[in-house]
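The structure appears below as structure tokens.
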Number of protein chains: 2
Amino acid sequence: MQNVIQHNNLSQPVYDRLKKMIQKGELAPGQKLVQERLATALGVSRTPLLKALQMLEHEMIVESIPRRGMYVREISLQEMIDVYDCREAIESTAVKLVIERATDTELSKLKEIFEPFAKTQHIHAGKYRKADEKFHDMIVELSKNPVLQKMSSVSDIYKLVYQYGLIRPPEETMIEHALIIKAILNRDLESADRALRNHISLSRQKLAQRQQDKSSLV
Amino acid sequence: MQNVIQHNNLSQPVYDRLKKMIQKGELAPGQKLVQERLATALGVSRTPLLKALQMLEHEMIVESIPRRGMYVREISLQEMIDVYDCREAIESTAVKLVIERATDTELSKLKEIFEPFAKTQHIHAGKYRKADEKFHDMIVELSKNPVLQKMSSVSDIYKLVYQYGLIRPPEETMIEHALIIKAILNRDLESADRALRNHISLSRQKLAQRQQDKSSLV
DNA sequence: AATTCTATTTTTGAATACAAAATACATTAT
DNA sequence: ATAATGTATTTTGTATTCAAAAATAGAATT
């Protein structure tokens, strides 16, 4: 029995690890997270684990059922559609602020994200998804609105949409990304807003279509 | 020393009490919240208190400075302006969904909120503020989008704007509320969106004006 | 009088202990 | 065999303990 108490923020690394494990599916949706067992597996006590789980709960990645336990949340298709409405709200506002507040140097970083894909013929799906996430993250970051950033973390679960497979081919979204970036670089708010809303809205519509298909099966 | 352990969600009532205490200013912005002392005062141990504080941290009402402690957050004028941008994002999306999803019965409840003030000549400031908050809460609630609702809780700190005094006279906002409600009842998305954005935007501009005034004093 | 250093106290973050609720399991009754 | 009941085990929510870091107070020095 080791009698050493750590004092340096154990919950943060635990949070990071859990989040990755859930994103990778190592902890499956619906799965119960037994605290003592999980804590031992991660080499900490229940205290920092619980703090990490609470953070994930705020992001709607896990859910706590009182006196029952913590579970990895299952994100339904309907909820994912709701998430896309949230992303449109967040990012549309973010884009407005980016155009107001970001420097040209900062804007150029947005552009760089998709440059590797412009050259190549075949787009690596995994790398493109990462770039896509980075693009949307950066828009929120460059908004320089801390409250918006915090709110954004709640709808970050959109990143779990891959559970429903590929929503739209990269070739399609690539063009839309280019349009958004171009408008932002020109600091053309109206075009940027329109392009961004269109981009998110199209994906949401794809999800809604699947929802339709599913319910019409019954 | 009582040897009784409660098992029924102590953190929720603690959260409620703390939130009210902060809203009333009983716990002042900037004030340090010493855990042991506060826990004793509330009749619980540090464990449920800490959980409550984490919830408040997520809503940006308190902040944790690692290894230093928990503090009641001071919300600057600039941040409040940022909050209003967030509210516009949230509520604009909410209104869209309300028009899509809410029943006529539900919409009628929106209307009822301000009815007491239509009759009276003099508007009771405190009661009007409560009604105002209820109105905005209800829009988010009737959106029936759980993710949006969760996000909304983060920018709920707009309710602390009264710390900066009265932003606009009730007579002014009353008219705007009426316009928003009318458009929602008609399920006229375009008008509702325009009215709502105008309403929030005007308040934000007032705050921005104060920010200007303040910085030009220097 | 101001500043630096040191000893003491306080407070935080983590680990552990503990009681009640939830679950699993076996036994009995139907 | 299935349902119902009682018992043992597990797990949660809270309380407590503990060690390290931070804050404080006091002494020593400039």
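Proteins come first, then strands; the chains are lettered A, B, ... in the order of their sequence lines, and each starts at number 1. Only a predicted model underlies this, so the values are computations on that prediction, with no experimental measurement involved.
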Going by the rule salt bridge (Lys or Arg N to Asp or Glu O under 4.0 Å), which residues pair with [X] if we only count those two or more places apart in sequence or in a different chain?
X         : value
Lys206(A) : none
Lys214(B) : none
Glu59(A)  : Lys19(A)
Asp16(A)  : none

Earlier contact from the 5' end, DNA chain C, for Gly69(B) and Tyr71(A):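 Taking each residue's closest nucleotide, the earlier one in sequence belongs to Gly69(B).
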
Length of the line joining [X]:[atom1] and [N]:[atom2], which is rounded to integer Å:
X        : N       : atom1 : atom2 : answer
Lys32(A) : dA22(C) : NZ    : P     : 11 Å
Tyr15(B) : dG13(D) : OH    : P     : 18 Å
Met70(B) : dG13(C) : CE    : P     : 7 Å
Leu50(B) : dA15(C) : CG    : C1'   : 14 Å
Leu53(B) : dT11(C) : CG    : P     : 15 Å
Ile65(A) : dT11(D) : CD1   : C1'   : 14 Å
Leu10(B) : dC18(C) : CG    : P     : 19 Å

Sequence neighbours excluded, every pair satisfying salt bridge (Lys or Arg N to Asp or Glu O under 4.0 Å) that has a member inside residues 26-45 of chain B: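 Those involving residues 26-45 of chain B do not exist here.
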
Write out all pairs satisfying salt bridge (Lys or Arg N to Asp or Glu O under 4.0 Å) with one or both partners inside residues 85-95 of chain A, taking only residues at least two apart or from two chains.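 Every salt bridge (Lys or Arg N to Asp or Glu O under 4.0 Å) pair that includes a residue of residues 85-95 of chain A, provided the two are not neighbours, is Asp85(A)-Arg204(A), Asp85(A)-Lys96(B), Arg87(A)-Glu91(A), Arg87(A)-Asp156(A), Glu88(A)-Arg197(A), Glu88(A)-Arg204(A).
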
Using a heavy-atom distance cut-off of less than 4.0 Å, which residues of residues 36-48 of chain A contact DNA chain D?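 Nucleic-acid contacts, sorted: Arg46(A).
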
Within less than 4.0 Å of OP1 or OP2 of dT10(C), is there a side-chain N or O belonging to Gln35(B)?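 Result: no.
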
With heavy atoms under 4.0 Å as the rule, sort Leu33(B) into base, sugar-phosphate or nothing.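 Touches sugar-phosphate only.
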
Who passes ring-ring contact (aromatic ring centres under 6.0 Å, His included) against His199(B), sequence neighbours left out?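 Once residues adjacent in sequence are excluded, the partners of His199(B) under the ring-ring contact (aromatic ring centres under 6.0 Å, His included) criterion are His136(B), His177(B).
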
Measure all distances between protein nitrogen or oxygen atoms and nitrogen or oxygen atoms of nucleotides 20-22 of chain D, and list the pairs falling under 3.5 Å.
residue : atom : partner  : partner atom : Å
dA20(D) : O4'  : His7(A)  : ND1          : 3.3
dA21(D) : O4'  : Arg67(B) : NH1          : 2.8
dA22(D) : O3'  : Arg68(B) : NE           : 3.1

Looking at Asp137(A) and Lys130(A), is any side-chain nitrogen of the basic one under 4.0 Å from a carboxylate oxygen of the acidic one?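 Salt bridge flag = no for Asp137(A) with Lys130(A).
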
Step through the shown structure and confirm whether more than 12 heavy atoms of other residues, nucleotides or ligands are within 6.0 Å of NZ on Lys134(B).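 Result for NZ/Lys134(B): open.
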
